[in-house]
**Student:** 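What follows is a structure written as structure tokens; I'll ask about it next.
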Amino acid sequence: MKIVQIAAEFAPIAKAGGLGEVVLGLSRELTSQHHQVDVILPKYSFINFPEPSEPAPETRFQMMYQGRMAANKIWSAHVEECSLHLIEPVELDFFRRNQIYGFPDDAPRFLYFCKAALEYLISLGKPIDVLHLHDWHTAACAPLLRDLYASKLQVGKIVITIHNLEYQGKCASPDLDSIGLEGKAYLTPRRMQDPNPLYPKTINLLKGGILYSDAVNTVSPSYAEEILHPEMGFGLTEILKRKQVRGILNGIDQTIWNPAKDPDLAACYHPTDPLAKIRESKNANKRLLQEKYKLESLERPFVGAITRLVPQKGIHLIQAAIEIVLKNGGSFALLGSSPISEIQQQFNELKEHYKDNPQVFLEYRYTDTLAHQLYAALDFILVPSLFEPCGLTQIIAMRYGTIPIVRSTGGLKDTVFDCDDGKIPLEKRNGFVFKDPTKEVLESTLQRAFFFWQNEQPTCLAMLRRMMKIDSSWRKPAEQYLKFYSNSTSKAQESAFLMKSRFA
Ligand code: ADP
């Protein structure tokens, strides 16, 4: 198959969270199965290629933007065994920024990128079997392709993956005018008008991606079900109900996440050997952090969280967990930062509060190296999300022999099964799960986990062994995506026809 992935992130060169890892992991696996996969990304100025390649003159192209010609350069490179094409607007500073998201002009930036990505594909002149879009940033490719470029670019089907329904890309109709779509014409309930009746003049890009694509999926089966209920659907439940939303659980890239060959660890260990995890963590991996952060002994239960600090992630529970862990004789580490200044401020105060406590360290930056070191050193990872489309941290943690303590929602529900739940077959039990997002329930769950870890060592070792052996590679999910791509063929033609007749 010839598959084109269009995305805002690609790990490790442009990663803000799980999205970048998914695009990398899926693309690498499909490439290794001999499919032709091309990934199109914006050329952020912070990207450092392993081997930079100056764009050849023929890979420059121009396109209409806001009624005038705009020039773009294409940087082609092979990164992590994947074929990448990075688009750099020559005159506009849309991607000359120090981070991927978080700017007031995010919608115009990514609308520009959508148009440029399709114009680039048109310039290559080759038919594509699957155009795979990810989240709101690239959702506008679907209406653009249907309404502007249908006769110029041959695409078998358009697939959109929802990595997080909370972020929908809302903008005004003139933003669509800029890329050549007549914005006002899309302000209808059947097209891209935001479903919130309070904002009738708002364009919702993700809604457009869902409606104009042939197939829609989320990154876990439970999340696919949950978003069909209004309390989890962020206003798009009725739109999603019109589609058959599939849930395909993410994998993790096992080359990047491999405790046996992880260059960031003080000591490596085989991912099926829990005794080695415990030994190396005690002797080297915990010690490394202990020395670096001037901590007291980490021999007690060591709990951590590695996360963006946004309401979705259950931040009130993360804050509460620090005190609970200390009270119950453990140590706590947090790696994460917040794009929301009030939340970051709360965490800064927390850091001040714990500054002299040698059992706590709070690190507010994005650093892959420390994330790897923590996964290896921690005994428990805490993921108390209020909702979670998939969640990669618990999957990575399990491969590193770190026991997940999670709230039962979305992908967390599909990957972690409580140790004490008699209804679950023993061979599936691999962590601790709680439902009510309260401090009391969190405390009793942490106490259960500590007791198990300290007093039931043979059972704990057996569980670690099972957990570390789980196949969380991209092999199975990639098979499911390939089936999904193929199964949507007839639906694709049907929906293209419907779309034409409905919107003609
Ligand atoms: P989301 O995509 O919602 O942020 P996921 O659990 O799907 O959450 O993926 C998060 C990914 O980002 C994981 O690989 C995690 O290790 C990583 N991560 C989160 N915060 C940080 C950080 N501050 N430093 C390094 N890696 C981080």
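What you see below is based on every heavy atom in this structure, not just the backbone, and it leaves out hydrogens, waters and symmetry mates. Both counts, for ligands and for their atoms, begin at 1 and track the order of listing. None of the values given here were measured: they were computed from a predicted structure.
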**Student:** Not counting sequence neighbours, which residues clear ring-ring contact (aromatic ring centres under 6.0 Å, His included) with F94? List them please.
**Tutor:** Y112
**Student:** Can you list every protein residue that has a heavy atom under 4.0 Å from any atom of ligand 1, sorted by chain and residue number?
**Tutor:**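 The 4.0 Å shell around ligand 1 contains K15, G17, G18, E21, W257, I306, T307, R308, K313, L335, G336, R365, Y366, T367, A371, Y375, G391, L392, T393, I396.
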**Student:** Before we go on, tell me: are the rings of H137 and Y167 under 6.0 Å apart, centre to centre?
**Tutor:** no
**Student:** Is there a donor-acceptor contact under 3.5 Å from the side chain of S444 to the main chain of V441?
**Tutor:**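 Checked: pair present.
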**Student:** Listing request: all ring pair (Phe, Tyr, Trp, His ring centres under 6.0 Å) pairs with a residue in residues 275-327, at least two apart in sequence or in separate chains.
**Tutor:**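 Those involving residues 275-327 are Y293-F361.
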**Student:** Taking 4.0 angstrom as the limit, do K428 and D421 come out as a salt bridge?
**Tutor:** no
**Student:** Any ring pair (Phe, Tyr, Trp, His ring centres under 6.0 Å) involving residues 230-273? Give me the pairs, sequence neighbours left out, ordered by first then second residue.
**Tutor:** F234-F387, W257-H372, W257-Y375
